[in-house]
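Read through the structure below, which is laid out as structure tokens, and then see the notes.
Values reported hereafter were calculated over all heavy atoms of this structure, with side chains retained and with hydrogens, waters and symmetry mates removed. Labels below follow one simple rule: chain letters A, B, ... track the order of the sequence lines, proteins then strands, and each chain is numbered from 1.
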Amino acid sequence: MTVITRFPPSPTGFVHIGSLRTALYNYLFTKQQKGKLIIRIEDTDQTRQVDGAVENLLKTLKWAGIEYDEGPVLKEKHIVTNDHIFTNDKGQITKPLSTDVKNNKQSDMYGHLEEKGSHGPYIQSKRLDLYKKYAQELIEKGHAYYCFCTKERLEEMRKKQESLKLAPQYDRFCLKLDKKEIENNLKKGISCVIRQKIPNGNIEFNDIIRGHVTFATQTLDDQILIKSDGFPTYHLANVVDDHLMEVTHVIRGEEWLPSTPKHIHLYQALGWNLPIFAHLPLLLNPDKSKLSKRQGDVAVEEFIEKGYLRDALINFIALLGWHPTENEEIYTLNDLIEKFSLKRVQKAGAVFNKEKLDWMNSVYIKKLSIEELAQLIVPYLQKESWYRENPNILKYIQLIRERLKILSEAPGMLKFFFLDHLKYDVTLFENAKMKVDKNMAKNSLQFANDTLKNHEFWEKDEDLKVPLLSIVEKLQIKNGQLLWPLRVALTNEAFSPGVFELLAAYGKEKSLQRISEALMTLKS
RNA sequence: GGUCCCAUCGUCUAGCGGUUUAGGACAUCGCCCUCUCACGGCGAAAACACGGGUUCGAGUCCCGUUGGGACUCCCA
């Protein structure tokens with residue numbers, strides 16, 4: 001049996017990091033099983049359509065390295081002209097993308113898409129006839145019925161039930177309607193929906209992750225299958241499509257667990273085989289609630305913009321809810337494909353631990369060559385007004401590589417290299433712990449200036465050590481009493497790379513300029 | 001409220017009845033390196049929610065309690 005899985009996002013804007021993990025788990029499982037992954041667009045809620053969302057989704061999947069076998073693809077032309085995600089051949093982002101997505105009710109929302117695969121269309125709004133057909137079949141078989149209740153009546157009913165502390169459920173008012181009344185209502189064009197008729201009894205199923213699960217159907221509501229606008233709800237569309245697309249494994253978030261019995265009943269009512277279910281644990285906020293935008297970043301686009309590397313983000317989210325047996329944290333995509341196991345997926349939700357992501361990102365940054373890193377950092381620099389091309393850029397980046405956690409921090413760490421003049425914060429020169437006061441700073445800088453002026457070797461930081469440390473010896477001071485003022489003179493920062501490295505990166509001329517300008521500031 | 005799911009360090013997790021004085025990673029703290037910060041090295045502190053069973057033996061199996069979460073929309 002060929003494994004067929006699917007990832008069916010709703011195009012409502014940005015890509016949620018939890019969705020990306022669901023997509024990743026589907027991908028890992030499918031790749032390992034040598035199966036097929038289907039992408040399906042679940043756009044059955046007309047009110048939540050967001051233009052550009054599908055495009056954004058497909059680009060994000062591409063960025064993440066998640067390949068699929070069937071589903072919508074961007075037309076070639078479109079990729080070239082409108083691509084706002086640029087990736088190099090390693091799949092790393094080379095230019096931050098914009099997250100602008102605007103509401104748009106254009107009819108040709110999907111004009112820039114084509115499809116691959118033999119089970120299409122892969123966009124649910126283009127499959128409306130199919131859902132109607134099966135809804136009709138359900139009605140004929142007595143598993144569904146028309147409902148003409150108004151929103152007002154339903155609301156009233158719900159209020160009453162709530163005040164009686166009952167579970168809010170449809171009271172099957174319209175189930176009592178006879179054929180004639182229904183036909184009349186339909187003829188008159190009264191707004192209606194089609195509801196699923198849930199039978200009495202228990203529905204049980206096996207979940208790969210959770211094991212045996214049982215639901216009493218009495219507690220299940222008669223779910224709406226077709227909305228009054230003619231669109232299906234998730235429940236119907238999902239079951240119909242999964243069946244028609246021959247999906248074998250439904251791997252989705254835990255939030256779907258409570259509605260799974262409804263889905264199972266639909267499969268049974270239509271006489272279809274059940275897929276195998278696997279309900280993934282939720283990604284959580286620090287307060288353990290479902291991961292949401294309110295409590296931090298959840299959009300994959302935001303992580304990309306902030307400068308998280310593809311491999312780091314993938315590695316990190318793969319380990320949120322799953323881990324192989326060994327004591328290892330760093331895995332490539334291929335490692336993950338090889339080692340992944342649905343059976344080892346955790347049952348409990350996982351808090352999204354941003355500190356660990358930062359650490360992991362720094363690990364991946366350190367693995368990059370300077371050239372690769374520069375290619376990633378330059379786009380961030382280009383957004384700064386002070387940026388201009390500089391032949392020494394690789395030298396500069398070399399100095400910050402070890403301290404960089406996310407790429408967007410780079411401009412702040414490199415700024416002083418690009419400014420013509422620094423506006424010194426004089427208090428920075430003084431440092432009690434270093435035993436440096438203003439006079440000491442002035443004195444040290446003066447000696448440094450005089451010494452370095454006559455020094456010719458600037459190639460390596462080692463070249464500067466001997467002359468500078470000879471000053472320390474001569475003045476009988478501590479290293480820090482010379483080097484602290486020097487660093488402030490060179491950077492106007494309290495934290496920075498080492499002084500010798502800075503001098504070497506600046507070169508003689510620029511170094512001496514910084515030092516004399518600092519001296520002038522201190523003297524004034 | 002109802003239904004379902006879940007429960008090992010602060011966080012992500014290893015553990016699938018005895019190999020456990022419960023292992024790793026992030027974060028925290030200390031020491032070393034050192035001109036600061038970071039990196040790196042070494043080390044410390046830190047968990048089986050609780051109560052009953054089953055068993056010669058339970059973090060591991062069962063039941064209950066407590067706690068948390070999801071769902072309960074003409075959202076997905």
Legend entry - Strand partner of rA47(B), provided both Watson-Crick or wobble distances fall under 3.5 Å: none
Legend entry - Interatomic spacing from OG in S19(A) to CZ in F7(A) - rounded to 0.5 Å: 5.0 Å
Inset, instruction - Identify, with sequence neighbours excluded, every residue that meets salt bridge (charged side-chain N to carboxylate O under 4.0 Å, His left out) alongside R127(A). - result: D241(A)
Inset, instruction - Going 5' to 3' through nucleotides 62-76 of chain B, assign each nucleotide B (protein heavy atom under 4.0 Å from a base atom), S (under 4.0 Å only from sugar-phosphate atoms) or - (no protein heavy atom that close). - result: ------SSSSSSBBB
Legend entry - Value in whole Å for how far the C1' atom of rG2(B) lies from CZ of F215(A): 13 Å
Inset, instruction - Write down the distance separating the P atoms in rG67(B) and rU55(B), rounded off to the nearest Å. - result: 31 Å
Inset, instruction - Using the ring-ring contact (aromatic ring centres under 6.0 Å, His included) rule, collect all pairs that involve residues 470-502 of chain A, keeping only residues at least two apart or in two chains. - result: none
Legend entry - All side-chain hydrogen bond (donor to acceptor under 3.5 Å, both in side chains) counterparts of K405(A), not counting sequence neighbours: none
Inset, instruction - Give the intermediate values and the outcome of side chain to side chain donor-acceptor pair (under 3.5 Å) for residues N285(A) and S292(A). - result: CA-CA 7 Å; N285(A) 291 313; S292(A) 66; 3.3 Å; yes
Inset, instruction - Could I get the full list of ring-ring contact (aromatic ring centres under 6.0 Å, His included) partners for F205(A), not counting sequence neighbours? - result: F277(A)
Legend entry - Whole-Å gap separating C1' (rC6(B)) and CG (D207(A)): 13 Å
Legend entry - Per-nucleotide protein contact string for nucleotides 21-33 of chain B (B base, S sugar-phosphate only, - none; heavy atom under 4.0 Å): --BBBB-------
Inset, instruction - Starting at atom CG of L502(A), determine the distance to atom P of rA38(B), rounded to an integer number of angstrom. - result: 16 Å
Inset, instruction - Take atom P in rG59(B) and the same atom in rG40(B), then report the distance between them in whole Å. - result: 36 Å
Legend entry - d(NZ, K435(A); P, rU36(B)) in whole Å: 13 Å
Legend entry - Listed partners of R153(A) passing salt bridge (charged side-chain N to carboxylate O under 4.0 Å, His left out), at least two apart: D171(A)
Legend entry - Residues which pass salt bridge (charged side-chain N to carboxylate O under 4.0 Å, His left out) with E42(A), listed by chain and number, not counting sequence neighbours: R40(A)
Legend entry - Interatomic distance, Y331(A) OH vs rC12(B) C1' [rounded to whole Å]: 13 Å
Inset, instruction - Could you measure between the two C1' atoms, the one in rA27(B) and the one in rC9(B), and give it in whole Å? - result: 12 Å
Inset, instruction - Within residues 343-351 of chain A, find the residues that approach RNA chain B with a heavy atom at under 4.0 Å, and present them sorted by residue number. - result: R344(A), Q346(A), K347(A), A348(A), G349(A), A350(A), V351(A)
Inset, instruction - Provide the distance between the two P atoms, one in rU65(B) and one in rC4(B), to the nearest whole Å. - result: 13 Å
Inset, instruction - Using the ring pair (Phe, Tyr, Trp, His ring centres under 6.0 Å) rule, pick out the option among Y331(A), F352(A), Y308(A), F303(A) that qualifies with F316(A). - result: F352(A)
Inset, instruction - Under 4.0 Å between any heavy atoms, over every strand shown, what does F500(A) touch: base, sugar-phosphate, or nothing? Just pick one. - result: base
Inset, instruction - Check whether any side-chain N or O of R210(A) sits under 3.5 Å from a backbone N or O of H279(A) as a donor-acceptor pair, and report yes or no. - result: yes
Inset, instruction - Write down the distance between NE2 (H279(A)) and C1' (rC5(B)), rounded to a whole number of angstrom. - result: 11 Å
Legend entry - Same-atom distance (C1') from rA47(B) to rA14(B), integer angstrom: 13 Å
Legend entry - Inter-nucleotide C1' distance (rC50(B), rC42(B)), Å rounded: 38 Å
Legend entry - Base-pairing mate for rU3(B) - Watson-Crick or G-U, with both contacts under 3.5 Å: rA70(B)
Inset, instruction - Please name all residues satisfying salt bridge (charged side-chain N to carboxylate O under 4.0 Å, His left out) with E329(A), sequence neighbours left out, ordered by chain then number. - result: K356(A)
Legend entry - Any strand: nucleotide that pairs with rG10(B) via Watson-Crick or wobble, under 3.5 Å: rC26(B)
Inset, instruction - Validate the cation-pi geometry between K188(A) and F148(A): distance from NZ or CZ to the six-membered ring centre under 6.0 Å, angle to the ring axis within 45°. - result: no
Inset, instruction - To the nearest 0.5 Å, tell me how far D358(A) CG sits from K306(A) NZ. - result: 9.5 Å
Inset, instruction - Mark yes or no for whether Q481(A), through its side chain, and K478(A), through its backbone, hold a donor-acceptor pair below 3.5 Å. - result: yes
Inset, instruction - Tell which nucleotide pairs with rU21(B), taking only Watson-Crick or G-U wobble pairs whose two distances are both under 3.5 angstrom. - result: none
Legend entry - Polar side-chain atom of K227(A) near backbone of T44(A) as donor-acceptor pair, under 3.5 Å: yes
Inset, instruction - Please state how far atom NZ in K478(A) lies from atom C1' in rC35(B), giving the value in whole angstrom units. - result: 11 Å
Inset, instruction - Kindly state which residues belonging to residues 481-498 of chain A come within less than 4.0 angstrom of RNA chain B, counting heavy atoms of the residue only, listed by number. - result: L483(A), W484(A), R487(A), A494(A), F495(A), S496(A), P497(A), G498(A)
Inset, instruction - Mind calculating the distance between CE (M440(A)) and P (rU36(B)) to the nearest angstrom? - result: 15 Å
Legend entry - Residues which pass side-chain contact (heavy atoms from CB on, under 4.5 Å) with K288(A), listed by chain and number, not counting sequence neighbours: L284(A), V351(A)
Legend entry - Watson-Crick or G-U wobble partner of rU60(B), both distances under 3.5 Å: none
Legend entry - Span that lies between the C1' atom of rG2(B) and that of rU60(B), in whole angstrom: 33 Å
Legend entry - Rounded distance in Å between the P positions of rA22(B) and rC6(B): 27 Å
